[in-house]
Amino acid sequence: MLGAKPQKRRDDRLIIHFDYDCFYASVFENENPSLKSVPLAVQQYEARRRGLHKLQLINEAKKIVPDVVIVLGEELGRFRDASKALYNFLAAFTWSGKVERLGFDEVWMDLTDIVDFNISLLNPHDLEHSFFQLQRDDPTTGFSFNATKIAGQVFGTPITSANPNQDAENNLMTRLTLGSHLAQHLRWALEEQKGYTSTVGISSNKILSKLVGNLNKPKDQTTLLPPYAISERDVQSGMESNVTTFIDSHDVGKVPGIGFKMSQRIRNHVLSRPADFETGLIYGGTKESVTVRDVRLFAGMGPELLEKILGGPGAERGIGGKAWNLMNGVDDTDVQQAKKVPTQISIEDSYIRLDTMPQVLKELRILATSLLKRMHTDLLEHDDDPDSVIGKRWIAHPKTVRLSTRPRPPLNADGTRSRPFNRISRSGPLPGFVFSLREEFESIIEKLVQETLVPMFRKLHPSPRGWNLSLVNIGVTNMVETASEDGKGGGRDIGRMFKRQEEVLKEWKVEDKDIPPDPLPVAEENESHSTEQTDPSAGNEVLDSIMNGSEDAIQPTQTSVEEQGIWEDDEDADEGQEKCSECGAVMPAFAMPAHERFHSFEE
DNA sequence: CCGCTGTAG
DNA sequence: GATTCTACAGCGG
C-alpha cells in the first residue's frame, strides 16, 4: 500500500510572495541611476558576497586587484533602508496589516480580505470589465481588470475533475484570479513608484506562494492553479492535484522549513543508508536527489514515520506531522502582522585569529559601536513634541544584551582535525545608560564594554588565554515597546524561577537525606530578593539614568512614564508562589514537587 | 528568563 | 554544509 493519507487543506486565503529581482544590484542602480554600469555593480557585489572565501583572501585579492571595492558592514544599512522602504510601501496596500518580511528581499502578503471584498463586487454578467477597489470606502481608487483571466503565468492544468469539489475549487479559482490581478498591480506600482522590479508567486499559503514564484523568474508572476485538493476517487484513478504535481518535483531540502539537517535525515532514511558519514561530503559532490515524491511514496511514509525519523530530544514537537504537511503543500501558518520594531538586533564579525584580551577589547568596542548605531537608527523615532529638545525618542527598549563567541576548536594534538563550530553565549540585563541621548557616544560605549561586555566575556572565557575566537557577536533582545505600556508582564517570574531553581535544588540535594530544609526561609529569601533587587537592572538602570541626568526625553512626565513602564513594573512578588496544602508553607511553584517529597519522607 | 539548535536569505 | 552576517522560532532547564 502506498497510501499517502489525505491532508486537510484550508485554502481559504489569498497569499502572495514577493521576491525583488536582483535586490542588491537594484539598490545600487536606484541610488545611482547615472552609473548604469549594471554588470559592474552586480559583479562587484557578487564578488564580495560569494567570493573569495574569507577576509584573508579578500586582502590577497586586494593585492592582486587593487581596484576591487569592498563593501561591508556599514553598507548593509543601505540595503536595510531600501528593504524597509519597499516593505512599508507594500504594507500600505494591505487592510489586515499582514505583511511579513523574510530577509531583505522577500515579502509575504495576506490579501484575503481585499480579494474577498472585490469578489463581492463582481458583476457576473460582465466579468471582462471589472474594477478592483483598493480601498473599501473609495470606489474610485483602483484599477480595471478582466476577471475571466488570470494575470501573468500559471502552473498547472485548469483540469476538469471527474468529481469536482466545485464550490471550494470555484471559490479558490476566483480568489486566485483576483489575487493575480492585484499582484500584478502591486508589482507595477512597485516598479513605477519605487523603481524595483519583482517576481511574485500567488497561492493560498506561504509555502506554495513562495515556491511557485520561482517558476518564472525575473519580472513576472506565477499563480498555482486549482485544483488544490481532489477526491479520493480521482486519486484512485491516477489523478493528481496541481499542488501534488507541483511540490512533488522539488528536492526535499528545497521545501521551505526543511533545512539541511532534516533533509539529510530524510534522505538517509529513504536511501536506506545508515547515517552516511561526511567522508565524501566534498562540496560540489553530486548528491542523489531525493524528491518530495520519493519521500511521499516511500513505504510506510507518513507523519508517524517522519516523527520517528526527525523526532528526538530537542526536536520540535509534532515535527513529523509538520514536515508531512509541508511536503503536501499544507501550511496554515499566518502571515505575520507588520511589526514596528525588530525582536532583536545583533552585530557580529568573524576573525582569522582573535586570542588576546586587548584584541577582544578593541573588537568589542567596534561591535558595540555598530550596535548602538543600529539601535539609534532602528529604535529611535522623531518626537513630534516641539518641546522635546532632542527631538527623538525610543520606540522600544531592549532589556537584554547578549554576547556570543565561536571558539576555534583547539588543535588536536595528534593531528589536524577540528570539530564542530558552535556558538556559546551569555546574556544579561542591558544597562539603561545606553539609551542616553546626551552622553557622549564614546563614553557610553566604553562603559558598556567595561561594565557589561567584558564581565560577560569573562564568563564565557574565564582564562585570559588559551582560546582563539573565530567569531564574536553582540546583540540586544527582549524589546519592550514604549508606547504600549507593558503588555502582559508576568513573564518575568518564569526567568526568576529557573534562575533560582538551581540554587534551591542544590540546597535540597545537600540536605535531602538529613534534615529536610525548611521551605519558609527559602520563600522569604526569594521574596525579599524580588522586592529588593533581584533584577539588578531594575535599580541600577534607573539610578544610572538619573545620575547621567540624561534620558531620551526631556519632559519629566514622559521620562517617568517610560521608566515606570520599563523599569519599575516589578510588582510580581506573589506570582508563581504556591502554598503547600499540608503545612501551609509558601514557596515558588517549582519547589513544590520537591517539598511534597519531603512530606512523603516524613511518614 | 537563559542558552542553544535549526532554518532561512 | 562552503561562507558571512543577520533574524526568528522553538526546546529544555
Side-chain angles (χ1 to χ4, degrees), chain A residues 19-20 23-24 48-58 71-77 79-80 83 100-107 206-207 210 253-265 278 281-285 287 310-319 322-323 326 333 336 339 341-351 367 370-371 374 378 399-406 420-429 456 459-460 470-479 489-502 505 534-535 537 572 576 590:
Chain A
D19 192 334
Y20 312 133
F23 176 65
Y24 296 94
R48 164 78 183 99
R49 181 168 169 262
R50 338 212 112 154
L52 325 179
H53 319 298
K54 293 174 181 174
L55 268 60
Q56 201 173 30
L57 294 190
I58 291 270
V71 195
L72 54 106
E74 316 272 318
E75 307 297 328
L76 274 180
F79 301 120
R80 190 163 20 239
S83 173
E100 182 179 344
R101 198 158 56 122
L102 183 56
F104 284 169
D105 62 348
E106 294 181 31
V107 171
K206 282 168 58 171
I207 198 178
K210 180 177 161 76
K254 288 295 196 313
V255 178
I258 301 183
F260 176 72
K261 300 271 186 181
M262 281 171 65
S263 59
Q264 268 304 64
R265 288 217 213 178
E278 30 192 330
L281 248 184
I282 312 298
Y283 65 91
K287 291 180 185 132
L310 303 173
E316 188 177 339
R317 249 81 56 101
I319 186 63
K322 194 173 167 182
L326 293 176
T333 60
Q336 297 292 304
K339 285 177 218 150
V341 299
T343 58
Q344 98 167 216
I345 300 173
S346 72
I347 302 286
E348 72 188 31
D349 206 347
S350 52
Y351 308 93
L367 292 172
S370 304
L371 182 64
R374 276 289 307 281
D378 287 8
K399 288 193 306 184
T400 304
V401 59
R402 185 192 60 233
L403 173 67
S404 324
T405 64
R406 189 178 63 196
F421 340 172
N422 285 332
R423 292 146 95 114
I424 52 179
S425 67
R426 290 293 178 271
S427 53
M456 292 171 94
K459 280 212 260 177
L460 281 173
S470 62
L471 176 142
V472 177
N473 169 303
I474 63 180
V476 290
T477 60
N478 251 321
M479 305 286 177
R492 221 176 237 209
D493 293 299
I494 297 169
R496 293 214 188 116
M497 262 171 55
F498 283 116
K499 204 175 226 170
R500 284 178 244 148
Q501 181 166 19
E502 211 183 315
L505 289 184
T534 306
D535 181 353
S537 65
D572 36 282
F590 72 81

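Chain letters run A, B, ... following the sequence lines, proteins first and then strands; every chain starts at 1.
A:Asn473 has its CG atom 13 Å from the C1' atom of B:dC4, to the nearest Å. A:Phe260 places its CZ atom 12 Å from the P atom of B:dA8, with the value rounded to the nearest Å. The nearest whole Å value for the distance from the CG atom in A:Asp378 to the C1' atom in C:dA7 is 12 Å. Spacing between atom CZ of A:Arg80 and atom P of B:dG9 amounts to 18 Å, rounded to whole angstrom units. Between the NZ atom of A:Lys322 and the P atom of B:dT7 there is a distance of 10 Å, given to the nearest Å. The nearest whole Å value for the distance from the CG atom in A:Asp105 to the C1' atom in C:dA7 is 14 Å. One can place CD of A:Gln336 at 10 Å from P of C:dC8, the figure rounded to the nearest angstrom. Atom C1' of nucleotide B:dT5 and atom CG of A:Leu310 are separated by 15 Å, given to the nearest angstrom.
Within the nucleic acid shown, A:Ser404 has no heavy atom closer than 4.0 Å to any nucleic acid atom. At a threshold of 4.0 angstrom between heavy atoms, the contacts of A:Pro256 are confined to the sugar-phosphate backbone, with no base atom among them. Backbone-only contact: A:Glu316 has heavy atoms under 4.0 Å from sugar-phosphate atoms and none from a base. A:Lys210 comes within 4.0 angstrom of sugar-phosphate atoms only, judged by non-hydrogen atoms across all strands, and of no base. Within the 4.0 angstrom heavy-atom criterion, no nucleotide atom of any strand lies near A:Gly475. In this structure, A:Arg265 reaches neither bases nor backbone, as no heavy-atom distance under 4.0 Å exists between it and the strands shown. A:Val255 comes within 4.0 angstrom of the backbone, heavy atoms only, and of no base.
Taking atom C1' in both C:dG1 and B:dT5, one finds a spacing of 15 Å when rounded to whole Å.
When each of A:Ile345, A:Asp349, A:Ile347 is tested with A:Ser370 by the rule side chain to side chain contact (heavy atoms under 4.5 Å, CB included), just one qualifies, namely A:Ile347.
Distances from the side chain of A:Ile347 to the nucleotides C:dT6, B:dC2, C:dA7 place C:dT6 closest. Minimum atom distance to the side chain of A:Ser427 is reached by B:dG3, of the listed C:dA9, C:dT6, B:dG3. Distances from the side chain of A:Thr343 to the nucleotides B:dG9, C:dT6, C:dA7 place C:dA7 closest. The A:Ser425 side chain lies nearest to B:dC4 when the options are B:dC1, C:dA7, B:dC4. Comparing B:dT7, B:dC1, C:dA9 against the side chain of A:Asn478 picks out B:dC1 as the nearest. In the set C:dA9, C:dC5, B:dG6, C:dC5 carries the atom at the smallest distance from any side-chain atom of A:Glu348. Closest approach to the A:Arg426 side chain among B:dT7, B:dG3, C:dT4 is made by B:dG3 (side chain taken as heavy atoms from C-beta onward).
Residues satisfying the side-chain contact (heavy atoms from CB on, under 4.5 Å) test with A:Arg402, not counting sequence neighbours, are A:Gln344, A:Ser346, A:Ser404, A:Ser425, A:Ser427, A:Asn473, A:Thr477. The ring-ring contact (aromatic ring centres under 6.0 Å, His included) test applied to A:Phe23 returns A:Tyr20, not counting sequence neighbours.
At C:dT6, none of the side-chain N or O atoms of A:Arg423 fall inside 4.0 Å of OP1 or OP2 (strictly under the cut-off). Distances shown here put a side-chain N or O of A:Arg317 below 4.0 Å from the OP1 or OP2 atom of C:dC11. Listed pair A:Lys399 / B:dC1 meets the phosphate criterion, a side-chain N or O lying under 4.0 Å from OP1 or OP2. Of the side-chain N and O atoms in A:Ser350, one or more sit less than 4.0 angstrom from OP1 or OP2 of C:dC5.
Each of A:Lys261 and A:Gly318 was matched to the nucleotide of DNA chain C holding its nearest heavy atom; the match closer to the 5' end belongs to A:Lys261. Nearer the 5' end of DNA chain C, as judged by each residue's closest nucleotide, is the contact made by A:Pro342, out of A:Gly312 and A:Pro342.
Under the 30°/60° scheme for interplanar angles, the aromatic rings of A:Tyr24 and A:Phe104 are found to be tilted.
In this structure, A:Arg406 does not pair ionically with A:Glu348, as no charged nitrogen and carboxylate oxygen lie closer than 4.0 Å.
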Quick one: do A:Lys459 and A:Leu403 satisfy side chain to side chain contact (heavy atoms under 4.5 Å, CB included)? Show the steps, please.
-> CA-CA 10 Å; A:Lys459 280 212 260 177; A:Leu403 173 67; over 6 Å; no
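Nearest approach of A:Leu310 to A:Ala315, heavy atoms of both residues: O-CB, 3.6 Å.
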